[in-house]
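Keep in mind that what you see is a predicted model, and the values were worked out from it rather than measured. In what follows, chains carry the letters A, B, and so on, assigned in the order in which the sequence lines appear, proteins first and then strands, with residues in each chain numbered from 1. Side chains included, hydrogens not; waters and symmetry mates left out as well; all remaining heavy atoms used.
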2 protein chains.
Amino acid sequence: MIRDFFLGFIKIHILHHAAKEPVYGLWLIEELDNHGYKLSPGTLYPMLHRLEEQHYLESYSETIDSKVRKYYKITPTGTDALSKIKVKMQELVREVLT
Amino acid sequence: MIRDFFLGFIKIHILHHAAKEPVYGLWLIEELDNHGYKLSPGTLYPMLHRLEEQHYLESYSETIDSKVRKYYKITPTGTDALSKIKVKMQELVREVLT
DNA sequence: CAATACGATATCGGTATACAATAATGATAC
DNA sequence: GTATCATTATTGTATACCGATATCGTATTG
């Protein structure tokens, strides 16, 4: 399925957003929806958990409007990975999109 | 592992090359190595088989220098997928690399 | 002719997960 | 007690990846 290709793109989106500012699950679902990626909670949340296990992201909880949100932000490991990914992505784009 | 991200890129590379001209396993291993991706045969060949099962690629065998090679070329399904991937990739790049 | 080297592809066996939809849960406000 | 925002859990399915080894057909070598 073509979805398999996009799942990688989705993770890159997440790392990128989490590098700019702390993000949380539902916000990401909407944001990714704007990019044409439909993610159910059963896909996104476990994905966030894994990214945290792998130390690309770290989380903290905060109560907003008296609801608990779990914010994720990028770690140094994640920043490092992201920059390596960008390099390869640029290479790929240069080769494929010309 | 960061490798997980690259595996998606690798598949895109493969589709792209198979869209330009027929390609075969060992050639791809070298070509990808030039891009900094080390693939063992145990990774690449099953990957090609899956891409064929999923009808992104199709193969035919040819004897070159009295050795049998299995050439893969892209299918209409693969062409379609690739163009969709390119669109999303461009979006991603515009967002992430600026 | 036997042995082996070469270019390629295929397979094996183990490990580790990833993905998805849906339903459940929790806290608070009204 | 019900609606809302948000996360978590459940359950099931399906594979992907990788190193190492095996296989295959032909040509070469001695």
Separation of [X] atom [atom1] from [N] atom [atom2], in whole Å?
{"X": "B:L44", "N": "C:dT11", "atom1": "CG", "atom2": "P", "value": "14 Å"}
{"X": "B:Y45", "N": "D:dT15", "atom1": "OH", "atom2": "C1'", "value": "22 Å"}
{"X": "B:R69", "N": "D:dC24", "atom1": "CZ", "atom2": "P", "value": "20 Å"}
{"X": "B:M47", "N": "C:dT11", "atom1": "CE", "atom2": "P", "value": "17 Å"}
{"X": "A:E62", "N": "D:dC5", "atom1": "CD", "atom2": "P", "value": "18 Å"}
{"X": "A:Y60", "N": "D:dT7", "atom1": "OH", "atom2": "P", "value": "12 Å"}
{"X": "A:L48", "N": "D:dT7", "atom1": "CG", "atom2": "P", "value": "8 Å"}
{"X": "A:M1", "N": "D:dT13", "atom1": "CE", "atom2": "C1'", "value": "13 Å"}

Base, sugar-phosphate alone, or nothing: which one does [X] contact when heavy atoms must sit under 4.0 Å apart?
{"X": "A:P46", "result": "nothing"}
{"X": "B:G42", "result": "base"}
{"X": "A:K11", "result": "sugar-phosphate"}
{"X": "A:Q54", "result": "sugar-phosphate"}
{"X": "B:I64", "result": "nothing"}
{"X": "B:L39", "result": "nothing"}
{"X": "A:T43", "result": "base"}

Check against side-chain contact (heavy atoms from CB on, under 4.5 Å), A:L57 and A:I14: CA-CA 10 Å; A:L57 299 180; A:I14 293 174; 4.2 Å; yes
Short side-chain to backbone donor-acceptor contact, B:Y56 and B:P76, under 3.5 Å: no
For [N], take OP1 and OP2 only and decide whether either is under 4.0 Å from a side-chain N or O of [X].
{"X": "B:K70", "N": "C:dA10", "value": "yes"}
{"X": "B:S66", "N": "D:dA27", "value": "yes"}
{"X": "B:R3", "N": "D:dA16", "value": "no"}
{"X": "B:S40", "N": "D:dG19", "value": "yes"}

Cation-aromatic face contact B:K88/A:Y37, 6.0 Å, 45 degrees: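 Positive - B:K88 is close enough to the ring of A:Y37 and near enough to its axis.
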Inter-residue atom distance B:E91.CD - A:H13.NE2, 0.5 Å rounding: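 Answer for the CD-NE2 pair, B:E91 versus A:H13, is 6.5 Å.
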Test item: side-chain donor near acceptor, A:T75 and A:E58, under 3.5 Å: no
